[in-house]
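The structure appears right after this line, and notes come after that.
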Amino acid sequence: MDKTTPVDGKFQLMALPYAENALEPIIGAQTIATHHGKHLQTYVNNLNAALPGSGFEGQALEDIVCASKGGVFNNAGQILNHNLYFGQFALPREGNTPTGQLAASIDAQFGSFGAFKERFEQMGATLFGSGWVWLSADAQGILHITQEPNAGNPIVQGLRPLLTFDVWEHAYYLDYQNRRPAHLSALWPIINWDEVARRFT
Ligand code: MN
């Protein structure tokens, strides 16, 4: 996958590839503004503050996630997770489905796109506490759906992360309050499947 490298020793807040209100009504502008501009910015600030003397100075974000523990891991993991999360969305589209090899692999692995969505939502809904549900690919291109607590990312297990739903409450509470399953099932029209396919190939 792409590597994210620091500039002058510091990681940067990723630029959103869409306006803060572009994902409405599925994700509201205030949620995006807070989630990206406050939560993600804080993880970036915390990692940058923790890097000097950590032994990870100058390393790529992905390498830090795979090799670190504790506070460095938590902040590096959350930056990587959110970069993948915010980078996978686009304006809402009706009939939004994957195409090409990715669609064929989803059908082969999970039976159908509908069965995949159901399984992915269920894995997100049943993750206790804060964390992430992931679609990732192994070295053979086999797809996996996994739950990761807190700042976890399947890259640590050698998998290539393709798609993720954030189930931390900050991702949905303003728009959906406690209704996590309703939030998860609403996300499919804003998935940028071209970006997910790019990560897959
Ligand atoms: Mn989040």
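Keep in mind that what you see is a predicted model, and the values were worked out from it rather than measured. Read the numbers this way: they start at 1 and go in the same order the structure lists the ligands and their atoms.
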(message) Closer than 3.5 angstrom, by distance alone: can the side chain of R180 be matched with the main-chain N or O of Y173 as a donor-acceptor pair?
(response)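 Such a contact is absent between R180 side chain and Y173 backbone.
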(request) Might you confirm whether atom CZ of R160 has over 12 heavy atoms from other residues, nucleotides or ligands at distances under 6.0 Å? (result)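 Atom CZ in R160 is crowded, with more than 12 foreign heavy atoms closer than 6.0 Å.
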(request) Spell out, yes or no, whether Y18 and I190 are grouped together once hydrophobic residues are joined by side-chain heavy atoms under 4.5 Å, including indirect joins. (result)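 In one cluster with Y18: I190, yes.
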(message) Applying a strict under-4.5 Å side-chain criterion to I, L, V, M, F, W and Y, I'd like to know whether I27 and L174 cluster together.
(response)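 No; tracing contacts between hydrophobic side chains, which count when under 4.5 Å, never links both residues.
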(message) A side-chain contact here means heavy atoms from C-beta on lying under 4.5 Å apart; do L16 and F89 qualify?
(response)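 They are not in side-chain contact.
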(request) Run through the protein N/O/S atoms less than 2.8 Å from the Mn ion (ligand 1) and write them out by chain and number. (result)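 Atoms qualifying: H35 NE2, H82 NE2, D166 OD2, H170 NE2.
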(message) Please confirm whether the ring centroid of H82 lies under 6.0 Å from the ring centroid of W132.
(response)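 Yes.
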